[in-house]
Amino acid sequence: MSKVKNAAALRRSLFLVGAIALVTLSFATFHEVVKLQQGVDQPLYYSSRLEETGRMAREAGELFDYAEQYARGSDQYSYDDVILALDIFWSRVNSINTRSYIEAFGDTDIDSVLVPELAKALPSFDDAVRSLESGNTASYEPLYDLKVKFSERLGKLAEFAWSRRTQMQTHLAATNLNILSRIQHIQVGFVAIIVLFLSYVVSQLLITRRLNTKLHNLVEEKSTLLLTDPLTQIANRDGFEKYVNQLSAFEKPDFSIVLMDLDGFKEVNDALGHSVGDRLLKDVACILSSQSADEGLACRFGGDEFALVVPGSLNAAEACAEHIRAQVEALTLGQEYPIRFSISAGICHWSSLSGDCTIDEILSCADFSLYSAKEMGKNRIVIFQASMQEQYASRKLIHSLLPVAIAEQKIDVHFQPIVDLTKGRAIFALEALIRWNISEGHPIETKKLIEVAETNGQIKALTCLVLRRALRLSKRLHDNNLTLNIAVNFSALLLSDPNLASEMTAILEEERVEETNIVLELSKYEEMEGNSVSNRNLIALSKMGFNFSIDDFGCTSSNIRTLLAVEDIRFKLAEDIVRDVVVSNTARELLRGLVSFISAFDAMIVAGGVDQEEQAQIVQDVGIRYAQGDCFYSALTEDAAFDLVANQ
């Protein structure tokens with residue numbers, strides 16, 4: 001009897017021991033699994049922060065390198081590349097200037113004040129970049145000072161981040177191996193009691209399943225983050241490519257790419273700051289998201305460049321893009337920023353390309369269309385045409401070669417006489433005209449050349465080149481007792497440059513000019529900013545002896561209120577008006593009306609583009625005294641122009 005009792009007691013004891021062992025093993029396993037999860041999550045989180053800290057030094061180096069190359073006049077990097085590098089560095093500093101990045105370094109002796117100092121110095125970086133000028137190495141000095149101040153410290157912080165990250169990963173691997181080893185030993189204990197506690201095994205499987213589900217959700221969440229733009233929360237470039245690859249895998253792909261960017265976004269950033277610019281980007285992203293809510297995909301490539309993938313016909317994509325354009329045009333940032341916005345878009349349907357095209361090819365075609373939309377005046381939508389590729393390639397070639405041509409004095413300047421119709425067509429003045437053959441027998445249209453110069457920041461250098469040639473001819477004529485005006489095309493947008501007056505003074509001193517006899521023909525005057533800088537420059541140039549003429553008058557809306565304050569203002573009529581006076585009564589009446597209007601200001605009038613005798617007669621009949629065109633003289637080289645004036 002006592003043996004039975006002892007056996008029962010033993011069984012109860014064994015069961016109790018087994019139960020205790022099972023519970024102990026359960027808690028131990030769960031604890032080790034939790035430790036494993038925590039040991040992976042937090043170090044990986046800190047590791048990514050340390051990696052981004054290392055990137056900050058490299059991105060700063062790229063900013064300094066791009067800016068230096070641009071200031072040296074290299075065509076390797078454009079001003080837009082420098083601005084993009086600045087934006088990337090700006091974003092990186094702001095993201096790193098948080099507590100989590102300090103925690104990632106642990107209780108170590110680091111340069112803890114470096115990142116706050118960088119964040120405080122970001123406006124100085126912004127100012128230094130805006131002061132850059134291509135070909136002017138002195139303009140790089142403010143940024144160079146910042147490089148000297150921060151580069152070495154950034155390098156040391158990056159080295160420390162790399163070392164800390166390596167140590168963390170080594171420690172993580174060793175720790176996790178130990179945890180896995182302990183879990184393995186615990187599982188051996190489970191095998192010993194698995195028969196007695198099968199119910200526990202089932203519950204443990206449920207726990208494991210729950211952990212696996214959590215891990216799967218975590219992986220999916222992080223995968224989504226990798227395909228999402230952090231600022232706007234729409235797809236990024238990787239997300240775009242993944243989606244387009246899925247659509248292009250169909251036997252007959254049917255979708256369009258709409259490539260868009262904001263018109264004048266840089267000016268918004270410069271005038272109002274990056275925070276307002278970010279707010280605008282988020283608002284535009286919301287508009288795109290609403291258009292792609294049911295189907296398609298909205299993406300942000302970076303900066304102010306967006307893309308929309310629209311399944312279906314080209315008409316559907318065009319309607320979608322137009323709706324977005326209208327919404328952006330109506331967008332406001334509230335009463336505090338009463339600014340109007342617009343967006344330009346280029347569209348390419350997959351069917352527009354032959355064969356199995358790549359994502360880069362269809363994006364390039366959409367980019368051609370976007371470029372054409374910008375060229376046509378912005379705030380519009382253009383659908384891809386095959387001819388756009390050739391136009392884009394031509395403009396890109398001009399864009400790359402123009403800075404070199406200006407620096408090496410390969411731009412020719414010819415001079416076309418302006419005649420006095422009341423004095424037997426005697427030569428009254430000359431106009432300096434740009435001539436450039438990009439290669440043998442391939443002259444570049446002057447209008448296209450000037451447009452490229454305005455977009456790539458070369459318009460000032462080009463204008464100074466032409467002005468110097470005109471001043472030399474003027475001095476040559478003056479030295480031979482021959483005095484007459486020489487007109488030089490001058491973009492009125494240059495008047496907003498605060499350094500303009502000093503640079504023009506330097507040119508006059510270098511050319512040793514005492515009397516200029518130069519008339520600045522103001523183009524782009526309809527876009528001229530009537531601010532204090534422009535007004536001061538107008539007065540300063542006038543005091544230097546420059547006269548002014550309004551170019552292409554009558555062809556665009558006028559902004560001449562500020563210009564009329566300058567004495568001896570002149571008006572040069574647009575060639576388009578003169579060209580049609582022979583065949584159109586309306587053109588003749590318009591010509592008479594403009595002459596009557598200008599006469600009220602007691603200003604001189606010059607008719608441009610007079611290529612036929614009939615035009616010359618009509619121009620003279622309506623009361624215009626001075627004219628210019630192939631009817632009288634073609635554009636001449638400097639020597640030929642001098643000889644013509646000397647012998648008349």
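Here the structure is a predicted model, which is why all the values come from computation and not from measurement.
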- Query: Could you walk me through whether Ile411 and Leu402 pass the side chain to side chain contact (heavy atoms under 4.5 Å, CB included) check?
  - Reply: CA-CA 9 Å; Ile411 305 291; Leu402 180 57; 4.2 Å; yes
- Query: Yes or no on salt bridge (Lys or Arg N to Asp or Glu O under 4.0 Å) for Lys149 and Glu117, after CA distance, side-chain angles and deciding distance?
  - Reply: CA-CA 10 Å; Lys149 182 177 181 181; Glu117 284 183 13; 5.3 Å; no
- Item | Worked verdict on Leu462 versus Ile434 for side chain to side chain contact (heavy atoms under 4.5 Å, CB included) | CA-CA 9 Å; Leu462 182 62; Ile434 302 169; 3.8 Å; yes
- Task: Could you give me the CA-CA distance, side-chain angles and deciding distance for Asp497 and Arg536, then say whether salt bridge (Lys or Arg N to Asp or Glu O under 4.0 Å) is met?
- Result: CA-CA 10 Å; Asp497 184 350; Arg536 285 198 301 270; over 6 Å; no
- Could you go through the side chain to side chain contact (heavy atoms under 4.5 Å, CB included) check for Leu262 and Val328 one step at a time? CA-CA 9 Å; Leu262 287 164; Val328 172; 4.1 Å; yes
- Apply the test side chain to side chain contact (heavy atoms under 4.5 Å, CB included) to residues Val115 and Leu157: give CA-CA distance (whole Å), side-chain angles for both, the deciding distance (0.1 Å), then the verdict. CA-CA 10 Å; Val115 176; Leu157 185 63; 4.3 Å; yes
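Closest approach of Glu305 to Asp261, counting heavy atoms only: CA-CB, 4.0 Å. Minimum interatomic distance between Val258 and Ala345 (heavy atoms only, all atoms of both residues): CG1-CB, 4.1 Å. Minimum heavy-atom separation, Ala138 to Pro142: O-CD, 4.1 Å. Between Leu227 and Gly239, the closest heavy-atom pair is CD2-N, 3.7 Å. The two residues Ala128 and Leu146 have their closest heavy-atom pair at CB-CD1, 4.4 Å. Ala307 and Met260 make their closest contact through C-CE, 4.3 Å (heavy atoms, listed as atom of the first residue, atom of the second, distance).
Residues Leu118 and Met56 have side chains in contact (heavy-atom distance under 4.5 Å, counting atoms from C-beta outward). Annotation: side chain of Leu288 is not in contact with side chain of Arg300 (no heavy-atom distance under 4.5 Å). By the 4.5 Å heavy-atom criterion applied to side chains, Phe64 and Leu143 are counted as neighbours. With a 4.5 Å cut-off on side-chain heavy atoms, Tyr77 and Leu84 do not count as touching. You'll find the side chain of Met504 stays beyond 4.5 Å of the side chain of Leu494, heavy atoms only. Side chains of Val129 and Leu63 form a contact here, defined as non-hydrogen atoms less than 4.5 Å apart. Put simply, the side chain of Leu297 does not reach to within 4.5 Å of the side chain of Leu308, judged on heavy atoms. Considering only heavy atoms from C-beta on, Tyr66 stays 4.5 Å or farther from Leu86 through its side chain.
A distance of 10.5 Å separates CD1 in Ile347 from CG in Leu370, rounded to the nearest 0.5 Å. Atom SG of residue Cys365 and atom CD1 of residue Ile257 lie 11.0 Å apart, to the nearest 0.5 angstrom. To the nearest 0.5 angstrom, Thr53 atom OG1 is 4.5 Å from Ile96 atom CD1. With rounding to the nearest 0.5 Å, the separation of SG in Cys299 from CD1 in Ile234 is 6.5 Å. Rounding to the nearest 0.5 Å gives a distance of 4.5 Å between NZ of Lys156 and CD of Glu152. Considering CZ of Phe150 and CZ of Arg153, their distance stands at 6.5 Å, rounded to 0.5 Å.
In this structure, Asp75 contributes its side chain and Pro403 its backbone to no donor-acceptor pair below 3.5 Å. Side chain of Ser139 to main chain of Glu133: a donor-acceptor pair is present (N/O by atom type, distance under 3.5 Å, no hydrogens or angles). Judged by distance alone, the side chain of Asn245 and the main-chain N or O of Glu241 form a donor-acceptor pair under 3.5 Å. Proximity of a side-chain donor or acceptor of Ser151 to a complementary backbone N or O of Val148 within less than 3.5 Å is not detected. Judged by distance alone, the side chain of Ser74 and the main-chain N or O of Tyr70 form no donor-acceptor pair under 3.5 Å. Looking only at distances, a side-chain donor or acceptor of Thr166 sits under 3.5 Å from a matching main-chain atom of Trp162. A donor-acceptor contact shorter than 3.5 Å is absent between the side chain of Asp127 and the backbone of Ser124. Panel note: side chain Gln233, backbone Pro230; a donor-acceptor pair is recorded below 3.5 Å. Using modelled atom types, one side-chain atom of Asn537 and one backbone atom of Leu495 make a donor-acceptor pair closer than 3.5 Å.
The side chain to side chain contact (heavy atoms under 4.5 Å, CB included) check on Glu68 picks up Arg72, Tyr140, Lys147, with sequence neighbours excluded. With sequence neighbours left out, Lys378 forms a side chain to side chain contact (heavy atoms under 4.5 Å, CB included) with Asp263, Ser344, Lys374.
Tested against Arg469, the residues Leu471, Leu467, Leu465 include a single side-chain contact (heavy atoms from CB on, under 4.5 Å) partner, Leu465.
Note on Asp304 versus Lys282: no salt bridge recorded, every NZ/NE/NH1/NH2 to OD/OE distance being 4.0 Å or above. With respect to the salt-bridge test (charged N to carboxylate O, under 4.0 angstrom), the residues Asp126 and Arg130 qualify. Under the 4.0 Å criterion applied to side-chain N and carboxylate O atoms, Glu503 and Lys460 are assigned as salt-bridge partners.
Counted within 6.0 Å of OH on Tyr144, heavy atoms from surrounding residues, nucleotides or ligands total 12 or fewer; the atom is thus considered open.
In this structure, Phe306 has its ring center no closer than 6.0 Å to that of Phe301.
Under 3.5 Å, the side chains of Ser502 and Asn499 contain no donor-acceptor pair of N or O atoms. For the residue pair His274 / Asn94, no side-chain donor-acceptor distance below 3.5 Å is found, with atom types taken as modelled.
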